[in-house]
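A short write-up of the structure that comes next.
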Amino acid sequence: MVISLNIGIIGIQGAISEHVHLMNKIFKINHINGKIFFIKNKFEIKSIDALIIPGGESTTISKFLLNFGIYDEILNRINENDLPIMGTCAGCVLLSNEIANETKEISLLKAMDMKVIRNAFGRQRESFENDIFINVLEKPFNAIFIRAPIIEKVWGKCDVISKIDNNIIMARQDKYLALSFHPELTNDLRIHEYFLEIIEDHLK
Ligand code: GLN
């Protein structure tokens with residue numbers, strides 16, 4: 001178990017404080033001397049042990065990352081194979097290699113071998129929740145979807161972890177975890193705990 005840990009979260013929009021709240025709960029339960037804080041500038045990327053990219057609009061988040069030089073710093077750490085990242089919803093889009101309904105406005109981090117479709121559930125189902133089965137968890141997880149993407153396909157070293165109606169909604173590739181839903185909007189800690197395991201494996 002790691003004793004001290006710094007997790008950064010891209011903090012411009014979306015349900016960010018909920019991620020912070022869940023992660024702090026986990027630190028407390030596990031007696032981890034952990035800190036989770038909003039990334040405000042590119043210099044902070046160098047010192048974090050892990051990163052969370054939350055939901056929001058991937059176009060807006062991508063612009064923010066580019067404009068403040070944060071994008072390049074994250075890419076450096078990805079190239080050094082040195083930064084566990086969890087991306088939820090818009091974060092999932094940013095971690096992908098390709099967008100099916102291509103938008104030129106989004107600069108992808110291309111950390112994961114997957115292709116996503118943005119806002120893929122259609123208007124009637126813009127937001128909904130569902131009990132889903134996740135390969136790495138024993139019991140179902142109540143997943144909340146808000147204008148969620150679908151992972152159309154994965155390849156290479158990217159593994160599917162969960163599907164809904166045969167659509168991929170969660171994937172992992174080494175130290176990267178992508179989810180099309182919002183685990184921070186529940187009180188269920190299991191996905192954040194799973195991400196913590198990934199971080200701990202990486203730091204070993
Ligand atoms: N539709 C958003 C996008 O593609 C994601 C929505 C969300 O993060 N809740 O950027």
Side-chain angles (χ1 to χ4, degrees), residues 7-23 36 38-39 50-68 70-71 74-75 78 84-132 134 141-154 158 160-165 167-173 176-188 190-192 194-195:
I7 301 180
I9 177 161
I10 303 299
I12 52 158
Q13 56 169 204
I16 314 158
S17 53
E18 288 83 347
H19 277 292
V20 173
H21 178 67
L22 285 196
M23 220 62 226
I36 173 160
F38 297 165
I39 297 291
L51 179 70
I52 295 177
I53 307 178
E57 275 310 311
S58 40
T59 44
T60 313
I61 298 176
S62 153
K63 261 182 224 144
F64 168 80
L65 296 180
L66 271 181
N67 291 348
F68 290 89
I70 300 171
Y71 179 83
I74 299 175
L75 273 191
I78 289 174
I85 307 176
M86 172 163 78
T88 61
C89 207
C92 166
V93 174
L94 288 170
L95 283 174
S96 72
N97 209 295
E98 232 180 290
I99 302 181
N101 34 359
E102 196 236 330
T103 341
K104 292 201 176 66
E105 300 162 89
I106 305 180
S107 302
L108 300 173
L109 291 164
K110 301 193 177 185
M112 297 177 71
D113 295 331
M114 57 185 195
K115 181 173 179 178
V116 302
I117 309 171
R118 293 182 67 214
N119 307 322
F121 287 95
R123 281 191 167 263
Q124 290 92 340
R125 292 182 82 202
E126 278 213 330
S127 71
F128 60 98
E129 53 183 279
N130 227 308
D131 277 345
I132 59 166
I134 298 177
F141 191 96
N142 185 244
I144 298 174
F145 297 82
I146 304 168
R147 304 187 65 230
I150 281 173
I151 301 168
E152 188 188 71
K153 62 171 184 177
V154 302
C158 189
V160 173
I161 297 194
S162 182
K163 283 184 177 182
I164 183 170
D165 304 333
N167 296 310
I168 306 168
I169 49 164
M170 185 166 174
R172 174 175 174 184
Q173 181 167 342
Y176 309 118
L177 190 61
L179 301 68
S180 74
F181 51 96
H182 286 263
E184 76 286 5
L185 297 180
T186 64
N187 287 318
D188 197 327
R190 289 177 295 161
I191 288 178
H192 289 74
Y194 179 60
F195 183 50

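Numbering of ligands and ligand atoms starts at 1, following listing order.
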Problem - Heavy-atom donor-acceptor pair, E129 side chain to N142 backbone, under 3.5 Å - result: no
Problem - Exam field: side chain D165 to backbone N167, donor-acceptor pair closer than 3.5 Å - result: no
Problem - Aromatic plane relationship, H192 with H19 - under 30° parallel, 30 to 60° tilted, over 60° perpendicular - result: tilted
Problem - E98, E57, E152 screened by salt bridge (charged side-chain N to carboxylate O under 4.0 Å, His left out) with R118, the one that passes - result: E57
Practice task
Count the heavy atoms belonging to other residues, nucleotides or ligands that lie under 6.0 Å from CG of D131, then report whether that count exceeds 12.
Solution key: yes
Residues 104-112 side chain polar contacts: donor-acceptor under 3.5 Å, at least two apart:
none

Pairs under 3.5 Å, nitrogen or oxygen of ligand 1 with protein nitrogen or oxygen:
| unit_1 | atom_1 | unit_2 | atom_2 | d |
| --- | --- | --- | --- | --- |
| ligand 1 | 1 (N) | N119 | OD1 | 2.4 |
| ligand 1 | 1 (N) | R147 | O | 3.0 |
| ligand 1 | 4 (O) | S58 | OG | 3.4 |
| ligand 1 | 4 (O) | R118 | NE | 2.8 |
| ligand 1 | 4 (O) | R118 | NH2 | 3.3 |
| ligand 1 | 8 (O) | G56 | N | 2.9 |
| ligand 1 | 8 (O) | G56 | O | 3.0 |
| ligand 1 | 8 (O) | A90 | N | 3.1 |
| ligand 1 | 9 (N) | I146 | O | 2.9 |
| ligand 1 | 9 (N) | H182 | NE2 | 2.9 |
| ligand 1 | 10 (O) | S58 | N | 2.6 |
| ligand 1 | 10 (O) | S58 | OG | 2.5 |
| ligand 1 | 10 (O) | R118 | NH2 | 3.3 |

